[in-house]
Amino acid sequence: SRHTRLGRWSRGLGDVYKRQTWFYLAKVVFPNDLCLVYPHWDPDIRNPLMLLPMIVFLGALVLVWSRRNRWGRGILVGVGWFWIALLPALGIIVHPYLKQSPVADRWLYLPLMGLTALLAAGWHRWFAQGDGVRGKTALLAAVVSVVLLAGMTFQRAELFADAETLYRETLRINPAAAGVRNNLALVLINNGERDEAIAQLERVTADDPGYAGAWNNLGNLVLGAGRPAEAVPILERARELDPDGVQVKLNLGLALAEVGRFDEAVPLLREAAAGTGNNPVILQRLGHVLVEAGRPAEAAEVLADVVRAEPGNLRAAYRLAGARAAAGDRKGAITVYRGIVEKNPREFGALVNLGHMYAREGRPAEAVRSYRAALQVKSDLPGAIDSLAWLLATCHDGAVRDPAEALRLAAEGDRLAQGRNPQVLETLAASQAATGDFAAAVATQTRALELLRPAADDRRRAAAENRLDSYRRNEPWVDRP
């Protein structure tokens, strides 16, 4: 509106008459106490001292203009360049950075070109036209100025050795610099200093409650610390401030999923994915949450998109296969695992899982081949050893059974498990029974039941007892097709 524009103009014009002018003139004369982000100043345009810089400047301008045909023309050009180039930085033009700080050192870079040229020309005239003493004085002044400024430059450069040093120095001068404190927290996170990062972000949100980015970073950090219940309200506040923020939706969705609020989490994660053009990383997280929510069919659809976009993404491929298996699509899971193995023949995890899928599909011979291929890559895989031994001992297909090899594998599996795994002991008992050593099978199965009883459900305990009864009757256990 016209009123708003006039208000902005008034505030900007007031700034010209305030401390900005003093600030830039002081930094030109002696650039000390520099800061990445300077503090805000309380406006006081009624103070007559705030008008003094403009009065002095206008008076000098009138004087120089009156001498423009003699010595004033160069000064007019140099000072005019400085002032015109500086005007946008004095608040006449309203721009976003003014919310952080009313001034900035970098806004002097372009204006200083005019003054630098003016000073260089004046020094040259002084040096060239001076007598011996005057020329030496001019030279000494130049040397002292260069040495002094070089020393200040090196001193200032030390603060730029790393981001943490620069941010801490800035906060020493300007503790209210919320953006700098937020950035310091991000550096601390990368350095593994989580607790201090949280403390810094908590101060940012206290000093500047409207800083959505700080709320989001704080919530994400608290979530990463394993405190999702605390993270949810923090991230909900971030979303209130930034309802369209993709990162806020992502972090809040993940936090809600961690506390089991999947009905709220999934829509947020879908929105976050859509807001990034279905970014594969976000889709992969959405797929994981859908699996956790007990919606594997939806998860498989999402993860299939990830695998299509990133064919080399093994983690997504594993999750896709797992989601398809959980949804009852074992053939689809087999297709994914076979695709992994075709691209990565030594990917033993996929070979083991492929064996599991073949076994559940009633394809024992193919399961055996997969397990053996996995063990050729890595010989000490407990899951592959146990599953292969069980098939070789109990398979309904006589062409697959191999009791001797089953016993060897089962004994190796029990050695790796140090005799403490009831499932491995059951496999060893079945292998012993398959070779005709029923006394050993009864003893081993009894030991498995002793380890099983505290934690097993009724069906698993009943199955283990049925196998024990079979061994007592001198009958090996054979799985039904």
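Counting from 1, the numbers follow the sequence of the chain as shown. Remember, it's a predicted structure, so these values are computed and weren't measured experimentally.
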Looking only at heavy atoms, the pair that brings Leu235 and Asn220 closest together is CD2-N, 4.0 Å
Original post:
Any donor-acceptor pair under 3.5 Å linking the side chain of Ser379 with the backbone of Leu375?
Top reply: no
Here the pair of heavy atoms bringing Ala272 nearest to Leu250 is CB-N, 3.9 Å
For the residue pair Asn182 and Tyr211, establish whether any side-chain heavy-atom pair is separated by less than 4.5 Å.
yes
Residue pairs passing the salt bridge (charged side-chain N to carboxylate O under 4.0 Å, His left out) test with at least one member in residues 284-297, sequence neighbours excluded, are Arg295-Glu298
- Does the pair Tyr371 and Leu351 meet the rule for a side-chain contact (heavy atoms from CB on, under 4.5 Å), with working shown? CA-CA 7 Å; Tyr371 291 138; Leu351 286 166; over 6 Å; no
Check: Is a donor on one side and an acceptor on the other found under 3.5 Å between the side chain of Ser145 and the backbone of Ala141?
Finding: yes
### Task
Measure from the side-chain N and O atoms of Asn344 to the backbone N and O of Arg346, and report whether any donor-acceptor pair falls under 3.5 Å.
no
So OG1 of Thr335 and CG of Leu354: to nearest 0.5 Å the spacing works out to 9.5 Å
From the list Leu221, Val222, Ile189, side chain to side chain contact (heavy atoms under 4.5 Å, CB included) partner of Arg194 resolves to Leu221
Taken to the nearest 0.5 Å, the spacing of Leu269 CG from Leu286 CG works out to 5.5 Å
Rounded to the nearest 0.5 Å, the CH2 atom of Trp215 sits from the CG atom of Asn251 at a distance of 15.0 Å
Residues at least two apart in sequence or cross-chain that pass side chain to side chain donor-acceptor pair (under 3.5 Å) with Gln155, listed by chain then number, are none
Heavy-atom nearest pair, Leu451 first then Gly419, reads CD1-O, 3.8 Å
Residues 148-164 vs salt bridge (charged side-chain N to carboxylate O under 4.0 Å, His left out), sequence neighbours excluded, gives Glu164-Arg168
Note to self: Is any side-chain heavy atom of His356 closer than 4.5 Å to one of Ser370?
What the structure shows: no
| request: Classify the side-chain pair Asn216/Asp242 by whether it contains a donor and acceptor separated by less than 3.5 Å. | output: no
Salt bridge (charged side-chain N to carboxylate O under 4.0 Å, His left out) pairs touching residues 253-265, sequence neighbours excluded, are Glu236-Arg261, Arg261-Glu264
Smallest heavy-atom separation, Ala265 atom then Ala257 atom, equals CB-N, 3.6 Å
Value for CG (Leu184) from CZ (Arg203), rounded to nearest 0.5 Å, stands at 11.0 Å
### Non-hydrogen side-chain atoms of Leu218 and Thr205 separated by less than 4.5 Å
yes
- Query: Given side chains that start at C-beta, do those of Leu314 and Glu347 come closer than 4.5 Å, heavy atoms only?
  - Reply: yes
In short, side chain to side chain donor-acceptor pair (under 3.5 Å) pairs touching residues 302-312 with sequence neighbours left out are Asp305-Arg308, Glu310-Asn313
*asked:* Side chains of Pro31 and Leu149, heavy atoms from C-beta outward: is any pair under 4.5 Å?
replied: yes
Nearest heavy-atom contact between Leu283 and Ala273 is CD2-CB, 3.8 Å
In short, salt bridge (charged side-chain N to carboxylate O under 4.0 Å, His left out) pairs touching residues 324-345 with sequence neighbours left out are Arg330-Glu361
Query raised in the report: With side chains defined as the heavy atoms from C-beta onward, is the minimum distance between Leu241 and Arg237 less than 4.5 Å?
Result: yes
Applying ring-ring contact (aromatic ring centres under 6.0 Å, His included) to His288 and not counting sequence neighbours gives none
In this structure, CZ of Phe262 is separated from CG of Leu290 (nearest 0.5 Å) by 9.5 Å
Side chain to side chain donor-acceptor pair (under 3.5 Å) filter on Lys378, not counting sequence neighbours, yields Asp380
Inset, instruction - Mark yes or no for whether Tyr318, through its side chain, and Ala350, through its backbone, hold a donor-acceptor pair below 3.5 Å. - result: yes
Across all chains, not counting sequence neighbours, the ring-ring contact (aromatic ring centres under 6.0 Å, His included) partners of Trp107 are His95, Tyr97
Applied to residues 147-175, the ring-ring contact (aromatic ring centres under 6.0 Å, His included) test, sequence neighbours excluded, yields none
Is there a side-chain contact (heavy atoms from CB on, under 4.5 Å) between Val103 and Lys27? Walk through the geometry before answering.
CA-CA 11 Å; Val103 291; Lys27 294 304 177 188; over 6 Å; no
Closest non-hydrogen contact found for Gly219 with Ala231 is O-CB, 3.4 Å
Sorted by chain and number, sequence neighbours left out, salt bridge (charged side-chain N to carboxylate O under 4.0 Å, His left out) with Glu193 holds for none
Practice prompt. Would you check if Tyr358 and Ile334 make a side-chain contact, meaning some heavy-atom pair closer than 4.5 Å?
Written response: yes
query: Hey, is CE on Met113 packed in by over 12 heavy atoms from elsewhere, all under 6.0 Å?
result: no
- Applying side-chain contact (heavy atoms from CB on, under 4.5 Å), run through Leu108 and Val28 and close with a yes or a no. CA-CA 8 Å; Leu108 270 175; Val28 168; 4.1 Å; yes
Do Asn279 and Val246 come within less than 4.5 Å of each other through their side chains, counting heavy atoms only? no
Residue set satisfying ring-ring contact (aromatic ring centres under 6.0 Å, His included) with Tyr337, at least two apart, ordered chain then number -> none
Value for CD (Gln423) from OG (Ser387), rounded to nearest 0.5 Å, stands at 7.0 Å
